[in-house]
Structures are given as structure tokens and as C-alpha cells.
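The first residue in the sequence is number 1, and the count goes up from there. Fair warning: this is a prediction, and the values are worked out from it, not measured in the lab. As the structure lists them, so they are numbered: ligands from 1, and atoms in each ligand from 1.
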Amino acid sequence: MDHGSSTTDIHRRPLGVFDSGVGGLSVVAELRRLLPHEAIVYLADTANCPYGPRPAAEIRALAEQATAFLLARGAKMIVVACNTASAAGLAPLRAQHGPDLPIAGLVPAVKPAVALTRSGTIGVLATPATLRGALLEEVIARFATPAGVRVVKDSGCGLVEAVEAGALDTPATRARLQQALAPLLGAGADALVLGCTHYPFLRAGIAALAGPHVALVDSGLGVARQTHRLLHERGWSNPGPAPGRLDLYTSGDPAQVGPVMRRLLGEELPVCASWR
Ligand code: DGL
């Protein structure tokens, strides 16, 4: 499929980034740190959030719909800022669009967790679809099993909804976190994989419950590096010098989602409806 890669000003076109909701903004933060000149169009697919409990075929269809939206806004590449959509939809998306459209996606950060553990047990906190997906099994088989590291998992029930509501540090969220972390910490995990892009926004609460001897790892920087490599090898990087702009969209209600997005970003940016 031709996505206009021959266009001479392709380096100025934005990165298209999506998640089921606001969680992918944790990836946006890493992208902006590493690639400050790249423009970004971000879609929070709030109307369909959460993706985690949905069947894989449905998640794939939503990922394709989000990709189509971002391509219509001129995206030169796609960053799937969602572990769940990466687990279910990365391979089909790449197959559908072919090599003309670079697509970066998330792999659960099992490799760094294996490098950090001293107890020999790591925990993975991710959505049900990510825990079921082949991608997690692949990285466990590749990095944890050969090192003799045990992997315990939990689906972090209700935590995505808490971040979507902006309830980062409420008694209810702390109680949910305690419930989600108990089986992982109880099993002796001393490195936790934050396998959902919403969870880095709960890092302070997780760290408070887990204690200083437990390492927390996520895939945000990894996907930013992958994005940098994909742009660099094509000569598509934006050389600057101006900082890249960030355009925010939601498939939900901007009046509700906007304040949460602005709070998570720490910036007063407008949020538009993707359906208008
Ligand atoms: N942010 C998501 C992830 O990384 C999706 C959460 C959800 O919609 O269930 O998995």
C-alpha cells in the first residue's frame, strides 16, 4: 500500500500514536524526550476503552480503525502505544500495510526485568488480552525461561479505568493496586513489568506499595528507541529546529477526557473529538 513515502517533506509529517485511552501518553512523553522535533498526532480511543477484556479479533479491528484515522491526518508512521493492541494487532497491522508504513509497537519489558531480578522471580502486570497474547509468551520463552527466571502475572483489574478517570492516588485506586500487587509481591517478585501503558501513571503508588527493593520497568523508552531507529533508517526524521507539535484527539467526549489528558501531560493543550 502506498502511504506517500515519496513525498519530499515526509520528515515534517507527524507520528501517528494511539492507545485505547490516555495511557499511551506515557509513551508520548518518552517519544517527545527522545525525538523532540517530531510532530505527533495522538488518538485516545476512549469510546472503545478498555481494550483489555475484548477478544483479539475485535482489538485488531479497533487498531486498524485507529491507524486509518491517523493516516488520514498525514501520519508518516504509526506507534501503537498500547500493549494490548500490540499483542493482538501488531503483526496483522504490519501485514496489512506492508513495508511502506513503519509501525512501532510495545513488547512487555521482560528482558530488563530478567536482568534486574535477584530473587529469580519477576511479576508482569498487564491486561487480560496482553497476558493471553503470544507476544508475552515469546519474550518469556526468549529471556526468562533460559535464565531460569519465574514469571508471575496479574491482570490489574480496574486500574485502566482508574487512570482514565484521573484517579491516580485515591483510596479506591490504592486498594485496587494492593489487590493487583499482592500475588506478585507474595510470590517474591523483585522486578515488576508495567505491561500496560496506563500503569506508568500509577508508578508512585506502585513504588510505595512494592518498596525500594522492587524494580519497576516499562516499555516506553524501548518503543521510543524503536521509533527513532525506524525513522532514521528511512531518512524520515524531522531535523528541527522547532519543537514538534502535539495534536490530541479522543473518540470519546473531549469535555471529559481533555482535563485528564492535560493533567497527565502537564500541559494546557486542546483535545478534539476524532468523530467530528
Ligand atoms: N493502555 C493499554 C495497554 O497498554 C490498554 C488498556 C486497555 O484498554 O485495556 O495495554
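Looking at ligand 1, you'll find an N or O of D19 within less than 3.5 Å of one of its N or O atoms. Ligand 1 has no nitrogen or oxygen under 3.5 angstrom from a nitrogen or oxygen of A81. For ligand 1, the polar-atom distance check against T197 finds a nitrogen or oxygen pair separated by under 3.5 Å.
Exactly one residue among K76, H228, H11 makes a side-chain hydrogen bond (donor to acceptor under 3.5 Å, both in side chains) with E38. That residue is K76.
Two rings, from F18 and F69, have their centers 6.0 Å or more apart.
The protein non-hydrogen atom at the shortest distance from atom 10 (O) of ligand 1 is T84 OG1, 2.6 Å. Closest protein heavy atom to atom 7 (C) of ligand 1: Y51 N, 3.3 Å.
Within the 4.5 Å cutoff, the side chain of L71 has heavy atoms near those of the I78 side chain.
Taking every non-hydrogen atom of G52 and a distance limit under 4.0 Å, the qualifying atoms of ligand 1 come out as 7 (C), 8 (O), 9 (O). Against a heavy-atom cut-off of under 4.0 Å, T127 is close to the following atoms of ligand 1: 6 (C), 9 (O), 10 (O). Less than 4.0 angstrom separates some heavy atom of P50 from each of these atoms of ligand 1: 7 (C), 8 (O), 9 (O).
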Side-chain donor-acceptor distances from residues 132-146 under 3.5 Å, at least two apart:
unit_1, atom_1, unit_2, atom_2, d
R132, NH2, R54, O, 3.4
E137, OE2, K153, NZ, 3.0
T145, OG1, I140, O, 3.1

In a table with atom names and distances, give each donor-acceptor pair under 3.5 Å that connects a side chain of residues 193-202 to protein atoms at least two apart or in another chain.
unit_1, atom_1, unit_2, atom_2, d
T197, OG1, A81, O, 2.9
H198, NE2, G23, N, 3.4
H198, NE2, E164, OE2, 2.6

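Using a 4.0 Å cut-off between charged side-chain N and carboxylate O, D247 and R73 make no salt bridge. The residues R32 and E267 are annotated as salt-bridged, a charged nitrogen and a carboxylate oxygen being separated by less than 4.0 angstrom.
Using a 4.0 Å cutoff on heavy atoms, S20 counts as a contact of ligand 1.
When heavy-atom distances to ligand 1 are checked against a 4.0 Å cut-off, V160 comes that close only through its side chain, counted from C-beta outward.
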